[in-house]
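As the structure lists them, so they are numbered: ligands from 1, and atoms in each ligand from 1.
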Amino acid sequence: MSAETGRPRMLVTFGTRPEAIKMAPVVDALRMDGRFDVRVVVTAQHREMLDQVLEIFGIVPDLDLDLMQHGQNLDELSARIVTRFGAALDTEKPDRVLVHGDTLTTMMATLACYFRRIPVGHVEAGLRSGNIYAPWPEEGNRRVTGVLADLHFAPTESAADALRAENVPEDAIHVTGNTVVDALLATRNRLAKKPGLAPIINALRDQYADRKIIAVTAHRRENFGEGMRQISAAMRHLAQRGDVAIIYPLHPNPNVKKIMRSELSQIANIALIDPLDYPEFVAMMEASEIIITDSGGIQEEAPSLGKPVLVLRETTERPEGISLGTAKLVGTDSARIVSEASRLLDCPSAYKAMSLTHNPYGDGTASQKIAEVLAQQSGLQVKDAQAVS
Ligand code: UD1
Ligand code: UDP
């Protein structure tokens, strides 16, 4: 309990771009709720990409650990997080910590809490591919987090089932939807009112007005090397069609940026650009015909916008889009990527079948549900009974 406010102290932590986008609505919901003392501590595992999100969502962290180093490796980054976040816990003294997803920030912050017996709520809990090397190291990170957390906010029923299969107690699991849908819908509304929030994409859309836009991202560690080479070969091939433009915001990880720059710079109809801030990226998804990506979050966003997703992976922990038919696993073989993309571009019935506007990952109310569960857990009076699942 915070001595100053007399309210339970909830410490929200995150460090990478996707965690920040997905935790921003949670921070907002907890602050709007008024029953909590909310603290935000960022590891800054990502520096520039985190700052882009903090600025867009108007979040000023209470503490910024500033931990990113260029070309960081998993061992050193893990050690920095557990040490520095652990020290932050000793001064912040939270009643509970909220972590998100499956990054090193997630797992190492959880470990630091465990060492101090501070309870952890895991947002986006229960995603499983069943293969600890795909995605790597994310599947390991989220499993460890799942073992140590005592509250699990599962985005979907199938994520909740995965937790049940690991013997997580039923009363510790809450199905809330994914908070990324909260962030996406709010940002889409902002963009509708203020299209000037996306000047880069507005300019590219004008430049490529006579072409179909393909939005591309790739950053998974298991795709480094040969996978990235195959993806770049597929992009070169698709760009030669003449009726498409590929917009590709490059992830700053040197294992991605270096190879993509050397393979794809100066190729007609490919725009290699810096990471986009979130409104720009949402505008890019809206402007695109199809999305080709190995990202987790983008698989969850695209169905709200009715955009088919070709997933550059062999497996996914997000089976809902595959079952619904809005996403398809295509791996990283360049010929396969080109043939699947061409099918969508050339065959209207194939396109129609994959472009349903229905999102199985959430309805925009996940953060509010999480706030209500946390209030109940803290013994606070129920404010909105309907929000609790
Ligand atoms: C991390 C997460 C991954 C998540 C991804 C989202 C781990 C192990 N990996 O992978 O789960 O899907 O973020 O994007 O937690 N860099 C910058 N500026 C930035 C961000 C990164 O320059 O704003 C560069 C730095 O050189 C950094 C490198 O990218 O060392 C790698 O960053 P890191 O967080 O270790 O790995 P990601 O590949 O980004
Ligand atoms: N995103 C963004 N700008 C970009 C690329 C992605 O804002 O240039 C957003 C995207 O909308 C999604 C999140 O970042 O919400 C996904 O991040 P990433 O693919 O890096 O990580 P993953 O979801 O795979 O962990």
Trainee: Any idea which protein heavy atom is nearest atom 25 (C) of ligand 1, and the distance to it?
Mentor: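 Protein heavy atom with the smallest distance to atom 25 (C) of ligand 1: His70 ND1, 3.7 Å.
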Trainee: Below 4.0 angstrom from a heavy atom of Pro275, which ligand 2 atoms are there? Numbered from 1 as shown, please.
Mentor: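 So the atoms of ligand 2 that pass are 8 (O).
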Trainee: List, by chain and then residue number, the residues other than Leu324 in its hydrophobic cluster (Ile/Leu/Val/Met/Phe/Trp/Tyr, side-chain heavy atoms under 4.5 Å); write none if there are no others.
Mentor: Leu356
Trainee: Evaluate the ring planes of His251 and His46, with Trp represented by its six-membered ring, and classify them as parallel (under 30°), tilted (30 to 60°) or perpendicular (over 60°).
Mentor: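 Aromatic pair His251/His46 classed perpendicular.
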Trainee: Just need the protein heavy atom nearest to atom 7 (C) of ligand 1, so name the residue and atom and give the distance.
Mentor: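 Result for atom 7 (C) of ligand 1: Gln45 NE2, 3.4 Å.
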Trainee: Who's the nearest protein heavy-atom neighbour of atom 16 (C) of ligand 2, and how far?
Mentor: Ser295 OG, 3.6 Å
Trainee: Can you find an N/O atom of Thr16 closer than 3.5 Å to an N/O atom of ligand 1?
Mentor: no
Trainee: Going by heavy atoms, is Arg220 under 4.0 Å from ligand 2?
Mentor: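 Arg220 counts as a contact of ligand 2 under the 4.0 Å cut-off.
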Trainee: Using a 4.0 Å heavy-atom cut-off, which part of Phe281 comes near ligand 2: side chain, backbone, both, or neither?
Mentor: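 It is the side chain that touches ligand 2; the backbone stays farther off.
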Trainee: Do Thr293 and Thr217 have side-chain N/O donor and acceptor atoms under 3.5 Å apart?
Mentor: yes
Trainee: Is it the case that ligand 1 has an N or O less than 3.5 angstrom from some N or O of Pro137?
Mentor: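 Looking only at distances, the answer is no, because the N/O contact criterion of under 3.5 Å is not met.
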Trainee: Consider every N or O of Gln72 and every N or O of ligand 1, then say whether any pair is closer than 3.5 Å.
Mentor: yes
Trainee: Please classify the Ile21 to ligand 2 contact at 4.0 Å (heavy-atom distances, strictly less than): side chain, backbone, both or neither.
Mentor: side chain
Trainee: Please determine if Gly71 has a nitrogen or oxygen closer than 3.5 Å to a nitrogen or oxygen of ligand 1.
Mentor: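 Among all N and O atoms of Gly71, at least one is under 3.5 Å from an N or O of ligand 1.
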